[in-house]
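Here's the structure, in structure tokens; my notes come after.
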Amino acid sequence: MNIDSNVNMLSQLNEAVGYIEENLCAEFDLEKVAGIACVSADSFVRFFSYMTGMTLTEYVRRRRLTLAARELERSEMPIVDIAVKYGYDSAVSFSRAFARQHGISPSSYRKNGGSLKVYSPASFHIVIKGAKEMNFRIVELKDTVVYGVSKQYEGMGYKTREELRNPMWTESMEDVPGKICNGKWNEPGSTIYDGVWYGIWQDGKYMIAREAKDAQNHDLESRVIPAGIYAAFTTEKGTLAWEEFPRLFELIFDSWLPSSEYKLKSDLAIEVLHLWTDYDLRKKNKYYEVWIPVELK
């Protein structure tokens, strides 16, 4: 198949997904979806499942529950009405499905907020973007003073964030954590590195930092993480930072942000690392987040 044919195929697939998205609250016509994609209904279902790793039915369910969570947060519509709107015949069945996906009941989420598993609309490119699970929540921060070490990223010839970030964290290279806490990883009996660390991308720089209460050296550069509303995306425990951060940044900026009701408020992205000094604890329990400042579109 030549390049033009590939482009036409991708365009048709994206139009088909667009039709699905426009009709998520209705029983859309699968034959029409397949017709837009210029394939048979069976072929579309098989292709969609192969490319996204989930069935079309599962995709629709996850997207409906993603939108339902937004409805709970942004409106005062009764839960039973939201259930009906998103294809459930009772509040009970909706609550069960909502809890299976998000890990919290609709009533609890509406009352107290919490972390969600949201799914962005699928979009077909040379690779598939969207339709991937993201652990997401909205957090409200106060001004937070941090101390640390920064280096210039923009204009310094780095091709990727990893080319700057990874050496700064490495004990055998720049060992920025050791400069902030006067310690070392894996010291028996030490808890000096336990807790929250920040990796801050802003103003063309990357800064590794900790809050004042966690940083032993206050002669380093200080910065204020500004108060505001942040979208927070969280990884599972025990994963690897060098794998997770590139994946999160791609999902957030290529998939979630363009399709969400939020827009980026400023040129700021914060990596949040939950770490332990002890190797075994760190290997088992470490997890990472990316926070971005947002406001409604």
Side-chain angles (χ1 to χ4, degrees), residues 16-30 32-33 45 48-49 52-123 129-142 228-237 248 251-252 255-265 287 289-297:
V17 172
Y19 171 80
I20 293 171
E21 286 292 319
E22 290 173 0
N23 294 276
L24 273 175
C25 293
E27 293 298 326
F28 58 82
D29 185 344
L30 180 57
K32 183 170 183 179
V33 173
V45 168
F48 187 93
S49 178
T52 64
M54 69 182 79
T55 66
L56 181 59
T57 300
E58 181 72 0
Y59 171 80
V60 169
R61 184 186 68 80
R62 292 178 178 183
R63 286 289 297 138
R64 284 177 174 173
L65 290 170
T66 295
L67 297 180
R70 183 183 303 171
E71 196 95 54
L72 285 166
E73 181 182 353
R74 298 295 173 197
S75 78
E76 297 181 358
M77 184 184 297
I79 290 177
V80 65
D81 292 344
I82 294 176
V84 172
K85 179 177 179 179
Y86 289 99
Y88 292 87
D89 56 11
S90 71
V92 173
S93 60
F94 170 67
S95 295
R96 288 173 179 165
F98 192 94
R100 278 197 300 271
Q101 176 160 316
H102 298 299
I104 188 172
S105 70
S107 57
S108 294
Y109 179 71
R110 170 168 273 177
K111 182 179 179 180
N112 303 313
S115 178
L116 298 174
K117 285 189 166 129
V118 298
Y119 292 83
S120 300
S123 59
K129 298 179 179 180
K132 296 180 181 178
E133 178 182 300
M134 304 179 74
N135 294 317
F136 159 77
R137 71 189 191 281
I138 291 292
V139 297
E140 186 171 357
L141 301 183
K142 298 178 180 179
I229 302 298
Y230 289 74
F233 303 84
T234 308
T235 70
E236 301 297 329
K237 289 185 177 181
L248 276 181
L251 285 174
I252 292 167
S255 182
W256 180 83
L257 199 59
S259 63
S260 78
E261 73 269 39
Y262 294 98
K263 63 180 179 180
L264 195 62
K265 188 175 181 180
Y287 66 98
E289 300 180 282
V290 172
W291 296 352
I292 58 171
V294 294
E295 60 187 358
L296 290 172
K297 291 179 181 176

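Here the structure is a predicted model, which is why all the values come from computation and not from measurement.
- For Lys111, the NZ atom sits in a loose shell: 12 or fewer heavy atoms of surrounding residues, nucleotides or ligands are nearer than 6.0 Å.
- Considering CG of Leu116 and CZ of Phe233, their distance stands at 10.5 Å, rounded to 0.5 Å.
- Closest approach of Leu264 and Pro293 over heavy atoms only: CD1-O, 3.4 Å.
- Checked by atom type and distance alone, the side chain of Thr66 pairs as donor or acceptor with a backbone atom of Tyr119 at under 3.5 Å.
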Criterion side chain to side chain donor-acceptor pair (under 3.5 Å) on Glu71 and Tyr86, from CA distance to verdict: CA-CA 10 Å; Glu71 196 95 54; Tyr86 289 99; 2.9 Å; yes
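- A distance of 9.0 Å separates CH2 in Trp291 from OG1 in Thr234, rounded to the nearest 0.5 Å.
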Carefully, step by step, assess Asn135 and Glu289 under the rule side chain to side chain donor-acceptor pair (under 3.5 Å). CA-CA 9 Å; Asn135 294 317; Glu289 300 180 282; over 6 Å; no
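- Atoms CZ and OH, from Phe94 and Tyr88 in turn, are 7.5 Å apart once rounded to the nearest 0.5 Å.
- Annotation: Arg70, atom CZ; neighbour count of heavy atoms from other residues, nucleotides and ligands within 6.0 Å is above 12.
- The closest side-chain heavy-atom distance from Leu65 to Arg100 is not below 4.5 Å.
- Taking the side chain as every heavy atom from C-beta outward, Pro106 and Ser95 approach each other to under 4.5 Å.
- Summarising the geometry, atom CZ belonging to Arg63 is positioned 6.0 Å from atom CG belonging to Leu24; distances are rounded to the nearest 0.5 Å.
- Counting heavy atoms from C-beta on, the side chains of Tyr59 and Val17 come closer than 4.5 Å.
- Counting only heavy atoms from C-beta outward, the side chains of Trp256 and Ile292 approach each other to under 4.5 Å.
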Is there a salt bridge (charged side-chain N to carboxylate O under 4.0 Å, His left out) between Arg61 and Glu58? Walk through the geometry before answering. CA-CA 5 Å; Arg61 184 186 68 80; Glu58 181 72 0; 2.6 Å; yes
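- From Ile82, atom CD1 reaches atom CZ of Arg64 across 14.5 Å, with rounding to the nearest 0.5 Å.
- Expressed to the nearest 0.5 Å, how far CD1 of Ile20 lies from CG of Leu56 amounts to 5.0 Å.
- You'll find the side chain of His102 stays beyond 4.5 Å of the side chain of Tyr109, heavy atoms only.
- Side-chain atoms of Asn112 and Ile104, non-hydrogen and from C-beta on, never get closer than 4.5 Å to each other.
- More than 12 heavy atoms of other residues, nucleotides or ligands sit less than 6.0 Å from atom CD of Glu261.
- Remark: the backbone N or O of Ser105 is not paired with any side-chain donor or acceptor of Ser108 at under 3.5 angstrom.
- Leu296 has its side chain within reach of Arg74: a pair of non-hydrogen atoms, C-beta onward, lies under 4.5 Å apart.
- By the 4.5 Å heavy-atom criterion applied to side chains, Phe28 and Val33 are counted as neighbours.
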Assess whether side chain to side chain donor-acceptor pair (under 3.5 Å) is satisfied between Thr57 and Thr55, documenting all intermediate values. CA-CA 5 Å; Thr57 300; Thr55 66; 4.7 Å; no
